[in-house]
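We're numbering straight along the sequence, starting at 1.
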Amino acid sequence: MSINCAAVDRLIDSMSFTQKVGQLNQRLLGWKSVERNAAGRLVASDELKQEIDRWGGLGTLYGLLRADPWSGQHWGNGIRPEERTEAIAVVQQTVLERGAHGIGVLLSEEAPHGHQALGGTVLPTNLGLGATFDPQGVQEAEAAVAAELAASGIHIALVSGLDIARDPRWGRCEECFGEDPLMAARMCEAIVTGMQGEHRSKVGHGGVAVVLKHLAAQGEAVGGRNGQSAVLGPHDLHEIHLPPVAAGVRAGALGFMAAYNDIDSVPCCANPWLLKDYLRDQLGFDGIVMADGLAVDRLEDMAGSIPAAGRAALLAGVDVSLWDEGFTRLEEYADDEQVVAAVDTALRRVLELKAMFGLLPEDGADTAAIAMPSADAIAQATADGREQAKRMAREAITLINDGQSAATLDDIRSVIADAQAGPVIVAGPFADDFGCFLGDYTAPLPADEQSSVYRQLVARLGEDRVLLAAKPSDAPADQWARASTVVFVCGSTSERSYDSEFDDNGAAKAVTEYGATCGEGVDLSDIRLPWRQDDMLSEVAALTTAPIVSVAVCGRAHVLTDVLERSAVTIWAGYAGQYGPQAVADVLVDGADMSGRLPVTLPAYPAAIPVRYNDRQSAAHVYKDAAEPILRGFGYGAGSLAAVTFSEMHADTQSHPGEVLVQVTAHADDHGAAGAVNLFAHVSGGRRIPRLAMLVDSVYMDLNAGERRDIAFHVPCDRLRDVGDGQVQVACTLDGDSTHTVTATLPGEY
């Protein structure tokens, strides 16, 4: 829908200062805005009515459909998929009836990896999606999620994507696409294009507005401690943490969320350079900036009071608050010319976004004519989302160890397929667990949609063939002795229980001994597998001579040194989403290929961290007690592309001005292959110590059996060189394989 600027101007002129401030607020928790009457029907709550009456309208409502332990919403009391239309109608009609200007409310929902609502699609978390190295696949998956949101009457999707996993101690690593800025940038572009359409074409037409989070450098927090200071210089800020931001703006993102952390002491939600000079003036961003939950109120110590905190955030460039009181106190600055002007500026952005969704009254109308959700459209979009979730789960599975002992994955598959072989024992704390695959920010799924690795193998092989042993003592010694294969499911979990304790922003506050070991609020000082899982695997190995396949379900770069040493095969699954167990069984029983690649560097020791592939100095042979601190490098994947051979690699710096063209020929074996082929570069020259390597391009291939194909990597020169006055030498390496390296020289005078 086009924006009628004159109509927006008239609305602004007709509003009182209080009404304007109300349009900038997102204070109310959406699940508290409706309740059930005696007949079980959804009706507007008193809290919703009071909020509308206070402001003469409502700007944005957060989480109307959200369900999870923090909200307390579940299948017994939450809004079910078939009730979404009723809930949306109740809220919008109440806002229109009680509001002063006939303006509808923007509805925002959490969608970090699918819609966090009952019945919503659950994609792999970003770390799992990052393992696909497949931006086009992510774009298609996010388009399906956006279709579900739009069909449900939602306007804004809050989507993680900007954060870079720089320290595995940080519990929110699962929300990162990995440790590389280029891949994160491409994935952010994929999110925006998938959800909003090319050039925002789907906004208001089957798509939603994306608010990308978190801006910026949250993954750089000292010690991996959530929301704490990011201590880094402007060069690393621009090179590591801001490329996804720039990519989001280029793709047309309509929103960004300012992060909790500070950058060199300046809080992100009160940083005028970040939110104005860089985001708007340099990049040309024209959407809204939203603060993270209660982030504005956290400025109280800096600003001196809650009202002053709201003023500081507003003047720094925040347009919309989230749950805080600071923006509600902006009324106290009605005589402050700076605040009055900033409120009008922010209000215009909010109203223009509302216009895109038909939430403003058209000329001559008293109220907006808001289209209500369609149950059929919701059902179709949800079904499409499920198919995308299945596909992305399969792509996320990564083979990081094969043939450690005499048995290879192919050998193990043959044994599993042999009905006359001994039992398959599924062991480990997550052997029969479903929640471990889901990640944080996930609504509960109905029982008939839940599964586990154990249950998937039973479905394929039969109850008589598959045994469950969450603990080694759960199976008798004779069964361990007869076992043909052991599948050890280990890792971590972000699953919260409904009796968990939470901080006021929804982060985990208290974690029980066997509770969440990852996710927001679960930062760890020790990144070995929790609950002494290494010892458990050692016990299992002592009980059997059968080959062990370990499945690592991880939301961060856990130390898997012992796992690799004791397992014939190790599969890394990230948090692969609701279809993660099926994807693992597809690999083990059906022989599915694994195209995934590690999106992070796996450390070999718990204290030799952080280690990143693009550091400037190698960590090897630095620690006297950990000579080789890296277990598996970024981009490692021994799956379907391992049998592809490459030849005829060369670099061209002449035919395409402004870029280096690297070409190589790929040859598939008799089985074909799919996955990403990555090009890394090491640059010498200029005035800075070069990074050990940089990912400079990635091409996702799908090769038929025996196919030969030429691949072209296009590497912008600006990505390879820094300001200087001499030649730059570039060594481009294919997937870290020194046998496929070409060098090029970029001229000086740039």
Side-chain angles (χ1 to χ4, degrees), residues 111-114 121-146 157-166 172-198 207-208 210-219 239-257 385 388-389 391-396 398 439 441 555 574-577 595-600 612-614 634-635 637 675-679 694-700 719:
H113 55 109
T121 295
V122 183
L123 300 175
T125 63
N126 280 357
L127 201 64
L129 292 176
T132 72
F133 281 70
D134 182 8
Q136 181 60 38
V138 169
Q139 178 177 321
E140 294 169 6
E142 297 291 0
V145 172
L158 308 180
V159 191
S160 301
L162 302 179
D163 299 319
I164 307 294
R166 298 282 286 172
R172 301 189 79 169
C173 284
E174 65 178 86
E175 296 181 47
C176 307
F177 285 114
E179 66 186 53
D180 179 73
L182 174 63
M183 189 51 62
R186 291 185 174 180
M187 294 300 196
C188 280
E189 185 176 3
I191 290 171
V192 175
T193 304
M195 289 193 147
Q196 295 186 175
E198 295 278 356
V208 293
V210 174
V211 172
L212 286 173
K213 55 182 187 177
H214 307 85
L215 181 66
Q218 189 170 223
E239 195 166 84
I240 297 294
H241 297 281
L242 295 183
V245 180
V249 174
R250 287 194 302 270
L254 282 162
F256 285 89
M257 178 179 284
Q388 293 294 333
R391 180 176 59 83
M392 299 313 293
R394 289 192 295 266
E395 285 194 34
T398 304
Y441 287 92
Y575 289 154
S595 59
R597 291 183 175 274
L598 283 174
V600 287
R612 289 78 57 117
Y613 90 96
N614 54 4
F634 168 82
V677 181
N678 298 325
L679 186 72
M694 299 184 299
L695 180 68
V696 291
D697 201 4
S698 178
V699 176
Y700 194 91
R719 193 175 294 159

Open item on the list: Could you check whether any side-chain N or O of Arg597 sits under 3.5 Å from a backbone N or O of Asn678, counting only pairs where one atom can act as donor and the other as acceptor?
Closed with: no
Open item on the list: Holding to side-chain contact (heavy atoms from CB on, under 4.5 Å), I want the full list of residues that pass it with Ala396, two or more places apart in sequence or in another chain.
Closed with: Thr132
- [ ] Might you point out which heavy atoms bring Val211 and Met257 nearest each other, and give the distance in Å?
- [x] CG1-N, 3.7 Å
Open item on the list: Looking at every non-hydrogen atom in both residues, tell me the closest pair between Ala389 and Leu123 and how far apart they are.
Closed with: CA-CD2, 3.8 Å
Open item on the list: Tell me which pairs pass salt bridge (charged side-chain N to carboxylate O under 4.0 Å, His left out) where either residue lies in residues 121-140, with sequence neighbours left out.
Closed with: Glu140-Arg391
TODO: Under the side-chain hydrogen bond (donor to acceptor under 3.5 Å, both in side chains) rule, collect the residues that match up with Thr193, sequence neighbours excluded.
DONE: none
- [ ] Quick one: list whatever passes side-chain hydrogen bond (donor to acceptor under 3.5 Å, both in side chains) with Asn126, sequence neighbours left out.
- [x] none
- [ ] Could I get the full list of side-chain hydrogen bond (donor to acceptor under 3.5 Å, both in side chains) partners for Asn614, not counting sequence neighbours?
- [x] none
Open item on the list: Taking salt bridge (charged side-chain N to carboxylate O under 4.0 Å, His left out) as the definition, give me every residue that meets it alongside Glu175, ordered by chain and number, with sequence neighbours left out.
Closed with: Arg172
Please output the side-chain donor-acceptor pairs of residues 240-248 that fall under 3.5 Å, not counting sequence neighbours, one pair per line with the distance.
| from | atom 1 | to | atom 2 | distance (Å) |
| --- | --- | --- | --- | --- |
| His241 | NE2 | Glu220 | OE1 | 2.6 |

Task: Non-hydrogen atoms of Cys188 and Gly161 that approach each other most closely - done: SG-O, 3.1 Å
Open item on the list: I'd like to check the side-chain hydrogen bond (donor to acceptor under 3.5 Å, both in side chains) partners of Glu239; sequence neighbours left out, ordered by chain and number.
Closed with: His235, Arg691
Task: Heavy-atom pair with the smallest gap, counting every atom of Gln388 and Gly137 - done: OE1-O, 4.4 Å
TODO: Tell me, please, which residues at least two apart from Phe133 pass ring pair (Phe, Tyr, Trp, His ring centres under 6.0 Å).
DONE: Phe634
Task: Heavy-atom pair of closest approach, residues Ala146 and Gly194 - done: CB-O, 4.5 Å
Open item on the list: If the condition is salt bridge (charged side-chain N to carboxylate O under 4.0 Å, His left out), which residues does Arg612 pass it with, not counting sequence neighbours?
Closed with: Asp615
TODO: Please list, chain by chain and in numerical order, all residues satisfying side-chain contact (heavy atoms from CB on, under 4.5 Å) with Ala157, sequence neighbours excluded.
DONE: Ala111, Leu149, Val159, Met195, Val208
Open item on the list: Tell me the closest heavy-atom pair linking Pro112 and Ser160, and the distance in Å.
Closed with: CB-OG, 3.8 Å
Open item on the list: Val122 vs His113, test: side chain to side chain contact (heavy atoms under 4.5 Å, CB included). Steps then yes/no.
Closed with: CA-CA 6 Å; Val122 183; His113 55 109; 4.0 Å; yes
Task: Validation row: Met183, Pro599 side chains within 4.5 angstrom (heavy atoms) - done: no
Open item on the list: Would you compute the distance between atom CG of Leu182 and atom CG of Leu695 and round it to the nearest 0.5 angstrom?
Closed with: 5.0 Å
Task: Atom pair CD/CG of Glu174 and Leu129 - distance to nearest 0.5 Å - done: 11.5 Å
Task: Atom pair SG (Cys176) and CE (Met187), whose distance is rounded to the nearest 0.5 Å - done: 13.0 Å
Open item on the list: Less than 4.5 Å apart, side chain to side chain, heavy atoms only: is that true for Ile191 and Phe177?
Closed with: yes
Open item on the list: Closer than 3.5 angstrom, by distance alone: can the side chain of Glu179 be matched with the main-chain N or O of Tyr613 as a donor-acceptor pair?
Closed with: yes
